[in-house]
Amino acid sequence: MNNTLFDGLNTEQKNAVECMNGASLVIAGAGSGKTRVLTCRIANLLAHNVPAHVILSLTFTNKAAREMKERIAEMVGEDIARNLWMGTFHSVFAKILRFEAHHIGFTSNFTIYDTQDSRSLLGKIISDLKLEKDAYKPAAVQSTISKAKNNLITAQTYSQNTDNHKRDAYNKMPEIHAIYTQYQNRCKKADAMDFDDLLMYTNILFRDNPAVLQKYQKRFQYILVDEYQDTNFSQYLIVKKLAEPQNNVCVVGDDAQSIYSFRGAKIENIFKFSSDYPDSKLFKLEQNYRSTQTIVDAANSLIKKNTKQIPKHTFSEQELGNKISLIEFATDIEEGIGVAREIKNLVADSELYKDIAVLYRTNAQSRILEEALNKLHIPCQIYGGTSFFQRKEIKDILSYVRVCVNPKDEEAISRIINFPTRGIGQTTVQKIVLLAERTNISVWDVISNIELAGDVFNKGTIKRIIEFRELIHSFRKDLSEADAYALLQRIVELSGIYSFLKSDTSIEGKNKFDNMQELLNGAKEFTDEEEDEISLADYLEKIALLTDIDSEDDEFNKVTLMTIHSAKGLEFGHCFIVGLEENLFPSQMSIGRPKDVEEERRLFYVAITRAKMSVHLTYALSRRKWGNLTASTVSRFVEEIDAGFITEKNTSRFSSQPTQESTMFANFTALRKEKSQNDRFAQFKRKQSAAAQSNTSSIPQFEPDNPRDIKSGTWVLHAKFGRGFVESISGTFPDSTAVINFENGEQKRLLLKFAKLKEVS
DNA sequence: ACGTGGAAGGTTTTT
DNA sequence: CCTTCCACGT
């Protein structure tokens, strides 16, 4: 039919694309062109007159969905591609749940609680139930409940099951069932769902409403699932139910890359696909088009050590390539510097920064690496860590929006009821919550009828609560008319957040103020960008389900720093995999549990196979943990790669002189205070406002230098103040300040990161 | 009600 | 090391 569709596909890929009906399992090794197969398969369906809106394609990140949509749009046109249902499980089914919310006792404006929100609620419940908080750690309780939800065990079934009771008693947390039950009640009363609820309630919706299920079964005639090896039971069942009865379901995955079991993912899903769908076809994509032969063979030699696998033989016909280098360092700091130096070497060999990635097991490792790269002036971008939207000031502002959209949102109310402080203290809040509990209404309902509780609160308190209520009411009035940006602007102003942050003159406070501005700019951009009428609820949902990978854009030439988990599905020319030490990678948590070590091994496999050209492994003999130096040994995984693929370089013997080392160390400890750089959203916005500022100035336009490069004792140009002499620089980036004597006679102390200075001779 | 300071406690990985 | 929690003073 459409021959161009199949151009350049190998036989197996072609077969996988061509097969339209029935169930198919595509085992796609790393770099085997699986995204291509998925996009071509969808394009092929469209070419056979399958309407776009009956195709549901579930991806692992929103970014993957966006990119796939773009590629399909190039093939079949934007008008058609836009009608495809494409996104993560969470975002697609959140959308559906909003349509169908009334069936399960929610409104379409329900809030999505993030990990922080749900943990905070759990903490409250634990203290409400008067349980020992030493035994009941919110994080542990949260993960137990999360696991239950991912296996579709509701609070009710959980409470009835004696096995759960036994296990919880063994873990010294016998009351988890009570916490779970109350947690679900509180969430429902708050019209809120956590991430796991999105999937669980989807299952409940389909289970209890056959007509609704039928509607979506009819709508989604073709279902595609990417990264199937990382689906959990809840997701598995959604797919299974929706696909019935035609079972036009195509799942793509690689058992060797299953790395999310901590989140409930079941590698078994991919193992048993063929028995779940007895008529299913199996396609194996075994040729790796991404990496050199050495990389593929080395990765294979590693993954062989795992016991249970779907048999496959992945191979590369690319060049043989360099061996994998292995470098030992004396300390974690030297490891960072060593990696930075190696990157310099690559760049000297005309490689681009953006084709290089540094991958690590834990986010905590990122700082030292970032410092080292900064030190050698290597541009880099960190993904993950505390995201912009999780910062306190941002969450506080967004909590106002959340309360406007859904006043029952208890977590949001408790964040803002006394922020900025308006004389409604802890005791008052506790009383309100207690009253809500006792009368079985929401916290907002109590606030709405606070006048009736004259015996519980004194007059002044009631007055203040009413003021708060009226404030929210005034925002809600504008909800339908004002766009996200306009309302946010009103919120920060009328709530007092604007003046509160403005009056905080500490460097931290300035940072927060700046973040607030960035949030507003981001909202403006969002409202401007979207063609359709966008509600605040949409804005919130977008933010709630955002991943840091989602906001990635490749236009900057920077080295990528990220966890291996985040690197899933990505590829880079050259990969540095750092911290290959026992108890770090494999993680300490996994050691002793063979199943977990296998997952760590798969994680290492994923890391290696991200690279096209070269892989560099590093480890340090000592590493700082909680401020203490701890000795470490090389990871078992390194030795599991066939030695023939590795060349060893030992630099720990050539480490710097003690004196140099100690000064270097001192510098780094000073640098360590550096924070908040790891946020691409913020950086992106900073860039934008920099551009905006230089346009409005009366001084000739100029490109500011990197603020890190500004030295004291030099002449600089400032957009507003003109020429000036840098008297001194103090503090560490990004909080470093410069005292500058300007030619107009003014002396200013400026935060370097905002000052937009350019050195002049 | 609210800010401060000192002590304790906490690290995988993420939608 | 860095964050969070609690007790105390205002």
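Every chain is numbered from 1 and lettered A, B, ... according to where its sequence line falls, protein lines coming before strand lines. The basis for the numbers below is simple: all heavy atoms, side chains too, and nothing from hydrogens, waters or symmetry mates. Keep in mind it's a predicted model, so treat the numbers as computed, not measured.
To the nearest angstrom, C1' of B:dT13 lies 19 Å from OH of A:Tyr383. The distance from atom CG of A:Leu584 to atom C1' of B:dT13 is 12 Å, rounded to the nearest whole Å. Regarding A:Phe89, its CZ atom lies at a distance of 19 Å from the P atom of B:dT14, rounded to whole Å. Whole-Å rounding puts the A:Leu198 CG to B:dT15 P distance at 13 Å. B:dT15 atom P lies 12 Å from atom CG of A:Asp114, rounded to whole Å. Between the CZ atom of A:Phe195 and the C1' atom of B:dT15 there is a distance of 5 Å, rounded to whole Å. A:Phe60 has its CZ atom 7 Å from the P atom of B:dT15, to the nearest Å. Rounded to whole angstrom, the span from the CG atom of A:Asp226 across to the P atom of B:dT15 amounts to 15 Å.
Ranking C:dC2, B:dT13, B:dT11 by closeness to the A:Thr362 side chain, first place goes to B:dT13. Here the side chain of A:Thr427 is nearest to one of B:dT15, B:dT13, B:dA1, namely B:dA1. For A:Thr428, counting side-chain heavy atoms from C-beta on, the closest listed nucleotide (B:dT13, B:dA1, B:dT11) is B:dA1. Taking only side-chain atoms of A:Ser566, from C-beta outward, the nucleotide of B:dT14, B:dT15, C:dC2 with the closest atom is B:dT14. Here the nucleotide nearest the side chain of A:Ala364, chosen from B:dT11, B:dT13, B:dT15, is B:dT11. Closest approach to the A:Tyr260 side chain among B:dT14, B:dT11, B:dT15 is made by B:dT14 (side chain taken as heavy atoms from C-beta onward).
Taking the charged nitrogens against the carboxylate oxygens, A:Glu541 and A:Arg98 do have a contact shorter than 4.0 Å, which makes a salt bridge.
Aromatic ring orientation, A:Phe206 versus A:Tyr216: tilted (interplanar angle from 30° to 60°). Using cut-offs of 30° and 60° for the angle between ring planes, the A:Phe220 and A:Trp85 rings count as perpendicular.
Using a 4.0 Å heavy-atom distance criterion, A:Lys137 is classed as a sugar-phosphate-only contact.
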Nucleotide N/O to protein N/O under 3.5 Å, stretch nucleotides 2-4 of chain B:
unit_1, atom_1, unit_2, atom_2, d
B:dC2, OP1, A:Gly423, N, 3.2
B:dC2, OP2, A:Asn418, ND2, 2.6

Produce the list of close N/O pairs, under 3.5 Å, pairing protein atoms with atoms of nucleotides 4-7 of chain C; give distances to one decimal.
none

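OP1 and OP2 of B:dT15 both lie 4.0 Å or more from every side-chain N or O belonging to A:Asn232. The shortest distance between the side-chain N/O atoms of A:Ser587 and the OP1/OP2 oxygens of B:dT13 is not below 4.0 Å. OP1 or OP2 of B:dT13 lies within a sub-4.0 Å distance of a side-chain N or O belonging to A:Asn363. Look at A:Thr115 and you won't find any side-chain N or O under 4.0 angstrom from OP1 or OP2 of B:dT15.
Both tests do not hold together for A:Lys568 against A:Tyr260: distance to the six-membered ring centre under 6.0 Å, angle to the ring axis within 45°. By the 6.0 Å and 45° rule, A:Arg601 does not stack over the aromatic ring of A:Phe637.
Each of A:Ser414, A:Pro138, A:Cys187 was evaluated against A:Leu121; a single residue qualifies, A:Cys187, per the side-chain contact (heavy atoms from CB on, under 4.5 Å) test.
Toward the 5' end of DNA chain B, the nearer of the two residues A:Thr461 and A:Met589, judged by each one's closest nucleotide, is A:Thr461. Of the residues near DNA chain B, A:Arg263 and A:Arg464, the one whose nearest nucleotide (by heavy atom distance) lies more toward the 5' end is A:Arg464.
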Taking it one step at a time, do A:Arg391 and A:Asp396 satisfy salt bridge (charged side-chain N to carboxylate O under 4.0 Å, His left out)? CA-CA 8 Å; A:Arg391 295 191 180 168; A:Asp396 287 337; over 6 Å; no

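Remark: the backbone N or O of A:Lys305 is not paired with any side-chain donor or acceptor of A:Glu640 at under 3.5 angstrom. Side-chain atoms of A:Asp226 never come within 3.5 Å of backbone atoms of A:Leu58 as a donor-acceptor pair (strictly under, hydrogens ignored).
Annotation: C:dC6 and B:dT11 have their P atoms spaced 16 Å apart (nearest Å). Here the separation of C:dT4 from B:dT13, taken at their P atoms, is 16 Å to the nearest Å.
Residue pairs meeting the ring pair (Phe, Tyr, Trp, His ring centres under 6.0 Å) criterion with at least one member in residues 118-154 of chain A, sequence neighbours excluded, do not occur.
For NZ of A:Lys147, the number of neighbouring non-hydrogen atoms (other residues, nucleotides, ligands) closer than 6.0 Å is 12 at most.
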